[in-house]
Number of protein chains: 2
Amino acid sequence: MARAGLSPDAIVDLALQIIDEEGPTAVTLSAVAGRAGVATPSLYKHVRNLAELNTRVSVRVMDELADRLREVVLGHSGAQALRAFMNAWRGYVVAHPGRYAAMIQASRPELAEAGGRLIDIVLAVLHAYGLEGADAIHATRCLRAAVHGFAVLETEGGFGLPVDLDDSYELLTQMIISGLPKPAQDHADGR
Amino acid sequence: MARAGLSPDAIVDLALQIIDEEGPTAVTLSAVAGRAGVATPSLYKHVRNLAELNTRVSVRVMDELADRLREVVLGHSGAQALRAFMNAWRGYVVAHPGRYAAMIQASRPELAEAGGRLIDIVLAVLHAYGLEGADAIHATRCLRAAVHGFAVLETEGGFGLPVDLDDSYELLTQMIISGLPKPAQDHADGR
DNA sequence: GCCTTAAAGCTAATGACAGTAGCCGTGGAC
DNA sequence: GTCCACGGCTACTGTCATTAGCTTTAAGGC
């Protein structure tokens with residue numbers, strides 16, 4: 001038997017393929033093994049169990065999302081950055097609904113690190129807004145709640161009515177931006 | 001064998017018991033059958049399958065939540081009503097995290113009706129705010145996104161930091177209330 | 001008070017999964 | 001060329017959901 005050249009990362013790749021093509025519920029060890037051309041139990045040589053695989057997938061997606069956000073926020077500050085952040089978040093969700101859904105269903109503790117990277121981006125954006133300490137935490141939570149809530153409802157078909165979603169999201173963006181405590185006016189970027 | 005006196009509703013009751021005591025993932029047909037004192041296949045005489053049971057549970061929880069919200073909103077209007085609505089929503093989620101989690105994971109189509117009842121409450125509140133048509137839809141979506149996003153993050157342990165959650169939610173409430181398009185000034189409550 | 005019958009149980013069985021135990025070939029290090 | 005750890009395999013177990021088909025129960029008509 002030729003070796004299949006598997007690795008934890010390769011397995012996560014296959015899981016992501018399945019997620020993109022058939023949705024997150026289709027990720028079973030036998031489905032992954034099928035794509036790998038391998039018997040199911042062989043996967044256990046590379047991942048501890050299904051839960052660990054799910055966690056790895058989740059981390060991968062979080063990092064992918066974090067990269068997009070970091071990129072998009074770069075070079076902007078204040079409201080500009082916030083708007084870019086929110087648009088990029090929804091953009092990712094709409095482009096990869098399965099991945100987003102997979103991201104949010106995995107056990108907490110192991111995700112702290114990847115989740116932290118995500119939150120740090122928000123904090124950086126808000127920092128440029130002049131928010132620090134508890135104020136920044138509260139603002140981060142509101143931003144996350146709004147953005148995540150909209151994402152979940154949109155991907156799960158919670159918004160049924162034929163009214164433009166972009167407009168709704170624009171209103172949400174407005175609410176967040178104008179609801180934030182005093183921008184400390186570092187006018188534009190730079191020092 | 002004495003009959004167990006089962007019915008779809010009785011089965012939903014048992015499922016809710018399990019959800020409250022062991023969480024939504026513990027709801028299996030054998031667990032329910034165990035509590036009912038009945039063999040697993042007997043349940044199929046009352047519910048079509050597990051998916052249908054989950055849907056029924058979801059509807060039940062939605063209606064329970066809708067009742068609370070209706071009650072709490074009654075007699076208030078404008079910002080007052082909005083605030084009451086948001087507090088009651090989070091109150092329910094905190095009091096019954098398992099039920100809320102169970103509510104949001106069930107197939108879409110059959111839930112339209114119960115979901116509609118929930119949304120109608122929001123629309124009624126916003127109506128008193130002077131919002132109609134597309135504006136009301138956009139506002140409803142933002143409100144739902146914020147409230148639901150916060151609920152999901154809170155119940156799933158997404159908010160790790162030791163900073164007061166009540167304060168964060170208060171900020172979110174502020175953002176929503178002050179971000180809504182023009183209140184039509186039904187000045188204060190009363191009339 | 002009996003008889004019929006449909007509803008409500010039951011047992012047995014299947015098929016999809018996750019996960020475990022233990023065997024064996026392969027290929028890189030030496 | 002030899003060795004051995006790694007990566008793959010087969011065989012098996014236990015848990016679920018779900019189906020088929022048999023039996024019991026109790027309610028209603030006579």
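Since the structure is predicted, the reported quantities are computational estimates derived from the model, not experimental observations. Reminder, nothing fancy here: chain letters follow the sequence lines and each chain counts from 1.
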Could you check which residues of residues 6-29 of chain A get a heavy atom under 4.0 Å from DNA chain D? Sort them by number, please.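 Here the set is A:L6.
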
Does any pair with a residue in residues 157-167 of chain A pass side-chain hydrogen bond (donor to acceptor under 3.5 Å, both in side chains), and if so which ones, sequence neighbours excluded?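 Residue pairs passing side-chain hydrogen bond (donor to acceptor under 3.5 Å, both in side chains), neighbours aside: A:R90-A:D166.
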
Of all residues at least two apart in sequence or in a different chain, which pass the side chain to side chain contact (heavy atoms under 4.5 Å, CB included) check with [X]?
| X | answer |
| --- | --- |
| A:R35 | A:L14, A:Q17, A:I18, A:E21, A:E22 |
| B:S7 | B:D9, B:A10 |
| B:I119 | B:L123, B:T140, B:R144 |
| A:A33 | A:V38, A:T40, A:L43 |

Other residues, nucleotides and ligands only: do more than 12 of their heavy atoms fall within 6.0 Å of NE2 on A:H127?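 For A:H127, atom NE2 is not crowded (no more than 12 foreign heavy atoms under 6.0 Å).
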
Residues that [X] engages under salt bridge (charged side-chain N to carboxylate O under 4.0 Å, His left out), provided they are two or more places apart:
| X | result |
| --- | --- |
| A:D13 | A:R60 |
| B:E132 | none |
| B:E64 | B:R99 |
| B:D67 | B:R70 |

Within residues 43-53 of chain B, residues whose heavy atoms come under 4.0 Å of DNA chain C: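 Residues of residues 43-53 of chain B under 4.0 Å from DNA chain C: B:K45, B:H46.
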
Just by protein heavy atoms under 4.0 Å, how would nucleotides 10-15 of chain D read 5' to 3' in B, S and -? BB----

